[in-house]
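Below is one structure, written out as structure tokens; comments come after it.
Side chains included, hydrogens not; waters and symmetry mates left out as well; all remaining heavy atoms used. Throughout, residue positions are numbered sequentially from 1 according to the sequence presented. It should be emphasised that the depicted structure is a prediction, and the values quoted were computed from it without experimental measurement.
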Amino acid sequence: MKIIKTQVGIIGAGPAGLTLAHWLKKQGISSVIIENRSRAYIEARVRAGLLEQNTVDILDSLGLADRLKKEGQEHHGVYLNFDGERIRVPFGELTGGRNITIYGQQEVVKDLTDAWFAGGGELFFEATATKINDFETDHPTIHFEYQGENAILECDFVAACDGFHGLGRKTMPKESYNEFTVTYPFSWLGILAHVAPSSEELIYAYHERGFALSSQRSEKVSRLYVQCDNDDTVENWSDEKIWDELSIRLGTPGWELKRGPIFEKSITPMRSYFIDNMQCGRLFLAGDAAHIVPPTGGKGLNLAVADVKHLVDGLTEFYQKGSLNALDSYSKTALKRIWRAQDFSNFMTTLFHKQEEHGSFTYQLQKAKFDYIKCSEAYATTIAENYVGLPFEAFE
């Protein structure tokens, strides 16, 4: 049986696990990553594409943002539509220069993986974690299968960055946390299309036919969504029907939606999930392993990177000073931002999705909020600072 020793064992080679490994290395802390998927799979997996200012700054400080800065698209605002009326919330103007950058999660993963291997880091792809043992002692172990053989990763700490279905949360004692779940009564039909974006910035739209979002992945690839029923299927949506529906829902006078070949369709359920304790002994959860937010606010990847920041702070304090204080407070610290992101994601979701009949009490409340954004700089600022991500010191 193969035995590997390191200081921090990381399960999962997504943005959280890879960022954690790089950041620990910068602090002189060793780590090994195991990932149950293949490299080709994780580098092709289309997920988030919106990076907060905090995330960009972190990647830049780690020397991992060269391609991001060349190919990423910085957005200084967002368009909001309601019943065909469009307004713009200017991020930089309202937040002291903080903005967002559009850069696909799969591109972040490619950059971080390339850099990890270039620096001699250990990462085992197609390695399935089967058990986390002794995490309530000073010497936890991760048991995994790799290339048909059993192996053990011996470490001081375990960081489970292995997603919603991963081993990390399943290993946590059930009595150690409470679960919070909200399932929304609608989903998103999302597409990727070979066509230049129809807008230089994102467009969120409420329409009596349902929500729509115009986003992008590059100057030549557009990412768009329409609200659909939870039991809907992609087979019900022809390319023509999708483009027609997007054109109607996103439409404003004088604006036209560009159309092009659709090369991917998928349906994403809208839900919130998280637990109120992200650690047990020397086992720590980060990212989707501990929380899910609806994509309306663009918070998923960014929350994962924020978790990593707090975990690195705690691990650095331990290895430099021998103190567990920051690690003991990891959940409490991380949950402040998680609750804020859950609230903002819920706000954006309930503001722009059709929930009841057009003209209903709920609709009138939605319209009242939109009208308030139009006339109140303070309200627009609240949206802007949440959208671009509050600085870490805001939660201290």
Side-chain angles (χ1 to χ4, degrees), residues 1-22 24-25 29-48 105-106 108-110 112-117 119-137 139-174 176-177 179 266 273-275 278-292 300-301 304-305 307-308 311 315:
M1 181 179 293
K2 185 174 185 178
I3 297 178
I4 305 168
K5 296 185 178 183
T6 192
Q7 290 175 302
V8 180
I10 301 173
I11 309 175
L18 287 163
T19 303
L20 175 60
H22 280 285
L24 291 175
K25 183 179 180 181
I29 302 168
S30 67
S31 65
V32 172
I33 311 170
I34 57 176
E35 165 60 50
N36 69 331
R37 301 284 194 173
S38 69
R39 182 174 183 177
Y41 178 88
I42 68 163
E43 291 186 350
R45 179 172 51 188
V46 177
R47 290 290 187 271
Q105 174 174 315
Q106 72 276 17
V108 173
V109 169
K110 288 175 188 175
L112 270 58
T113 303
D114 287 345
W116 185 245
F117 282 128
E122 283 192 277
L123 195 171
F124 296 90
F125 283 110
E126 298 181 81
T128 303
T130 57
K131 191 184 300 183
I132 304 170
N133 280 348
D134 302 322
F135 56 88
E136 295 190 85
T137 74
H139 303 287
T141 58
I142 304 171
H143 294 244
F144 65 102
E145 297 175 357
Y146 180 66
Q147 295 183 342
E149 296 183 0
N150 294 323
I152 296 177
L153 180 57
E154 297 181 348
C155 48
D156 299 330
F157 300 93
V158 176
C161 310
D162 51 351
F164 182 78
H165 299 289
L167 179 65
R169 193 178 70 257
K170 294 176 183 177
T171 301
M172 293 267 290
K174 288 290 186 181
S176 69
Y177 61 83
E179 291 182 301
S266 61
Y273 172 89
F274 75 102
I275 58 177
M278 299 162 62
Q279 62 192 100
C280 183
R282 293 198 170 195
L283 168 62
F284 297 84
L285 309 185
D288 287 0
H291 43 74
I292 300 287
L301 181 155
V305 173
D307 291 346
V308 165
L311 191 51
L315 290 167

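Taking both residues in full, the closest heavy atoms of Ile42 and Ala13 are given as CD1-O, 3.4 Å, listed atom of the first, atom of the second, then distance. Residue Lys110 comes nearest to Glu43 through the heavy atom pair CE-O, 3.1 Å, listed as atom of the first residue, atom of the second, then distance. Between Gly287 and Ala304, the closest heavy-atom pair is CA-CB, 3.6 Å. Taking every heavy atom of both residues into account, Ala21 and Ile33 meet most closely at CB-CD1, 3.6 Å.
Atom OG of Ser31 and atom CD1 of Ile10 lie 4.0 Å apart (nearest 0.5 Å). Put simply, OG1 on Thr6 and CD on Glu154 are 11.0 Å apart, with the number rounded to the nearest 0.5 Å. Interatomic distance, Phe144 CZ to Lys2 NZ, rounded to the nearest 0.5 Å: 7.0 Å. Taking OG of Ser176 as the reference point, atom CD1 of Ile275 lies at 7.0 Å (rounded to 0.5 Å).
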| request: Please report the C-alpha distance between Cys280 and Glu136 in whole Å, then the side-chain angles of each, then the deciding distance to 0.1 Å, and finally whether the side-chain contact (heavy atoms from CB on, under 4.5 Å) criterion is met. | output: CA-CA 7 Å; Cys280 183; Glu136 295 190 85; 4.0 Å; yes
| message | Let's go through Arg37 and Asp162 carefully: what are the C-alpha distance in whole Å and the side-chain angles of both, what is the deciding distance for salt bridge (charged side-chain N to carboxylate O under 4.0 Å, His left out) to 0.1 Å, and is it a yes or a no? | response | CA-CA 11 Å; Arg37 301 284 194 173; Asp162 51 351; over 6 Å; no
Run the side-chain donor-acceptor check on residues 119-135: report pairs under 3.5 Å with partners two or more places apart or on a different chain.
residue, atom, partner, partner atom, Å
Thr130, OG1, His143, O, 3.1
Asn133, ND2, His143, NE2, 3.3

Show every donor-acceptor pair shorter than 3.5 Å between a side-chain atom in residues 164-173 and any protein atom, with sequence neighbours excluded, or say none if there are none.
residue, atom, partner, partner atom, Å
Arg169, NE, Tyr273, OH, 3.1
Arg169, NH1, Phe164, O, 3.0
Arg169, NH1, Ala289, O, 2.9
Arg169, NH2, Phe164, O, 3.0
Lys170, NZ, His165, O, 3.2
Thr171, OG1, Leu167, O, 2.8

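Without hydrogens or angle criteria, Arg282 side chain to Asp156 main chain gives a donor-acceptor distance under 3.5 Å. With Ser38 contributing its side chain and Tyr41 its backbone, the two residues share a donor-acceptor pair below 3.5 Å. A side-chain donor-acceptor contact under 3.5 Å links Ser30 to the backbone of Gln7.
Contact annotation: the side chain of Ile4 never approaches that of Tyr146 to less than 4.5 Å [non-hydrogen atoms, C-beta and beyond]. Between Pro140 and Leu283 there is no side-chain heavy-atom pair separated by less than 4.5 Å. By the 4.5 Å heavy-atom criterion applied to side chains, Cys155 and Val8 are not counted as neighbours. At least one side-chain heavy atom of Pro15 sits less than 4.5 Å from a side-chain heavy atom of Val109. Within the 4.5 Å cutoff, no side-chain heavy atoms of Leu112 are placed close to those of Trp116.
Atom CD of Glu149 is surrounded by 12 or fewer heavy atoms from other residues, nucleotides or ligands within 6.0 Å.
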